[in-house]
Amino acid sequence: MKKQINIGILGLGTIGSGTYSVLNSHKSDYVKRVGAKIAIKKIAVKSLNKKRLVKVPKSLLTTDVLSIVNNPEIDVVVELMGGINPAKDLILKALKNKKHVVTANKELLANYGKQIFDTAAKNDVDIYFEASVGGGIPIIRPLKRELAANRIIKVMGIVNGTTNYILTKMADEGSFFEQALSEAQAKGYAEANPKADVDGYDAAAKIAILASIAFNSRVVANQVFTEGIRAIKPQDIEYARDMNHVIKLIALAKENKEGLDVRVHPTMIPVSHPLAAVSDVYNAIFVEGDAVGEVMFFGQGAGGKPTASAVVGDIIDIAGNIIDGRTGKMKCTCYNKKQVMPVGQIISSYYLRMKVADKPGVLAKIARVFGDKQVSIGSVIQKGHGGKLADLVFITHQTKEKNLRAALMLINSLDEVSKTNNVIRVEG
Ligand code: HSE
């Protein structure tokens, strides 16, 4: 029987450093849990002399990534570099060399998942990726295992901490997006280039992974309708509050007769919804299953140690599999081929804020267009009185998005309508 499981780590940034420190913190417990020692053999870094978040013996560091993925002594490769290149080639090489892989790489899995999981299956090795969604929050394994008895009805989450922090600041302080973003950058939550977070791409990759597992059908990142939070104004947040709602960047996936509805966009949810209370950088994922009902997973979705908690959990699981001789058993579960619905086909309620001329007959004109396009109005409030222009805020009943878009095209061309300032989908 093996006495030691050797691991090689690719990357020693925030998550790599967290993983190094967590792996070294409870070593003796891990030996008891696994039945063998887990030893770090090598860590690949870009530069040997960089200042690091953790103290690591120089002898462990290398700049030669191939000396890890081709090393016959290494049993598990832990990829924590992020991005597609060179992570993809390195993971594929490691799998072909019969090494098990742990990765936190959502972008890679959401774009090249099939190739990666097929290669793992062909080589009878494990690939675990709990840290790819929700940082330290357990969600991949619960969806694959503990909730396996269910038909999943809906997965809906706040899976991006940066945008949740920005929207929380905007709501608490009445600030504009740009101010809240600068604050998030100053606190180190948002990257210097915040595009992946604020434009929704990070959340889209994460919901693609969750949808693939929840509905047993591969969803790739570019199939996810994605809208970020740049267009949200303090006014929208205020009007939402007047209606007992909050605005969150929600990633959601549900199944309809026409296929899978998978999307990321700012969403108005009632204050009574469990996700409404998730603030600052916290993440939460709400799952509805036909047997379990509603469950919610909550915690820190980013950061070195929380994410390392998921990475090391995967390493311990694989190490245990190696010792017990049951590797290669957690197969890819995408055995269905379901269509992802085009956004025009989705059904939702909508919040609409438009600037219109404040004079008799305008509301009637707008209402007629909505009626003609089968869009039913749930409520309308006029905000702002006394000037030439007023804000009209509509909430529609559930309608097909293509009907709403057709109505808005016509409404925006009316002389009395200055502009539709914002359209926000409403859930729950
Ligand atoms: N940038 C992400 C966030 C964390 O803000 O939540 C990494 O997925």
Side-chain angles (χ1 to χ4, degrees), residues 13-15 17-18 53 104 106 130-139 155-207 210 226-241 244-252 264-287 295-310 424 427-428:
T14 310
I15 306 175
S17 305
L53 298 166
K106 68 219 147 194
E130 185 60 65
S132 63
V133 181
I137 305 171
I139 183 64
V155 178
M156 177 170 161
I158 294 171
V159 290
N160 184 270
T162 306
T163 46
N164 204 37
Y165 178 84
I166 293 172
L167 290 173
T168 304
K169 279 280 139 204
M170 289 175 72
D172 290 352
E173 293 168 13
S175 47
F176 279 88
F177 165 78
E178 292 76 11
Q179 278 168 277
L181 170 61
S182 302
E183 214 172 300
Q185 282 169 325
K187 290 217 154 145
Y189 296 144
E191 309 277 335
N193 178 357
K195 199 170 167 47
D197 292 320
V198 300
D199 292 329
Y201 301 121
D202 174 80
K206 290 169 178 168
I207 197 68
L210 294 183
T226 306
E227 221 178 73
I229 63 164
R230 289 183 202 261
I232 302 296
K233 299 282 183 251
Q235 259 167 320
D236 298 312
I237 292 174
E238 185 194 321
Y239 294 166
R241 189 177 286 140
N244 285 324
H245 280 64
V246 293
I247 299 176
K248 295 286 184 188
L249 183 71
I250 296 288
L252 75 82
V264 170
H265 48 67
T267 308
M268 276 178 53
I269 53 174
V271 287
S272 56
H273 193 286
L275 287 172
V278 177
S279 56
D280 294 314
V281 287
Y282 279 94
N283 282 197
I285 299 129
F286 177 85
V287 181
V295 279
M296 193 160 99
F297 302 81
F298 168 85
Q300 295 187 60
K305 282 219 179 159
T307 311
S309 160
I424 300 174
E427 273 293 318

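Residues: numbered from 1 along the sequence shown. Computed from a prediction, not measured in an experiment: that's the story for all the values here.
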Spatial distance of atom CG (Asn164) from atom OG1 (Thr168) [nearest 0.5 Å]: 4.5 Å
Partner residues of Ile137 under the side chain to side chain contact (heavy atoms under 4.5 Å, CB included) criterion, sequence neighbours left out: Asn283, Phe297
Nearest atoms (heavy-atom pairs only) where Glu130 meets Ala310: CG-CB, 3.9 Å
Heavy-atom side-chain proximity of Val264 to Ile250 below 4.5 angstrom: no
is_close_aromatic(His273, Phe286), centroid dist under 6.0 Å: yes
Nearest atoms (heavy-atom pairs only) where Thr307 meets Ala302: OG1-C, 3.6 Å
Side-chain touch Met268/Val246, heavy atoms, less than 4.5 angstrom: no
Contact summary for Ile247 and Ala240, nearest pair of heavy atoms: CG1-CB, 4.0 Å
Contact summary for Lys195 and Arg230, nearest pair of heavy atoms: CA-NH2, 4.1 Å
Inter-residue atom distance Asp202.CG - Asp197.CG, 0.5 Å rounding: 5.0 Å
Sidechain-backbone polar pair: Asp236 side chain, Lys233 backbone, donor-acceptor under 3.5 Å: yes
Approximate separation, where rounding is to 0.5 Å, of Tyr189 OH and Leu181 CG: 14.0 Å
Separation of Ile158 CD1 from Thr163 OG1 (nearest 0.5 Å): 8.5 Å
Donor-acceptor pair, side chain of Thr226 and main chain of Ala204, under 3.5 angstrom: no
Distance in Å, His265 NE2 paired with Ile229 CD1, rounded so as to fall on 0.5 Å steps: 14.0 Å
Where Ala203 and Asn160 come nearest, the two heavy atoms and their spacing: CB-CB, 4.5 Å
Considering all heavy atoms, the nearest Leu249-Glu227 contact: CD1-O, 3.6 Å
Reported CD1-to-OG distance for the pair Ile139 and Ser132, which is rounded to 0.5 angstrom: 10.5 Å
Pairwise side-chain contact, Phe176 with Met170, heavy-atom cut-off 4.5 Å (strictly under): no
Where at least one partner belongs to residues 167-178, residue pairs that pass salt bridge (Lys or Arg N to Asp or Glu O under 4.0 Å), sequence neighbours excluded: Lys169-Glu173, Lys169-Glu183
Main-chain N/O of Thr267 paired to Lys248 side chain as donor or acceptor, under 3.5 Å: no
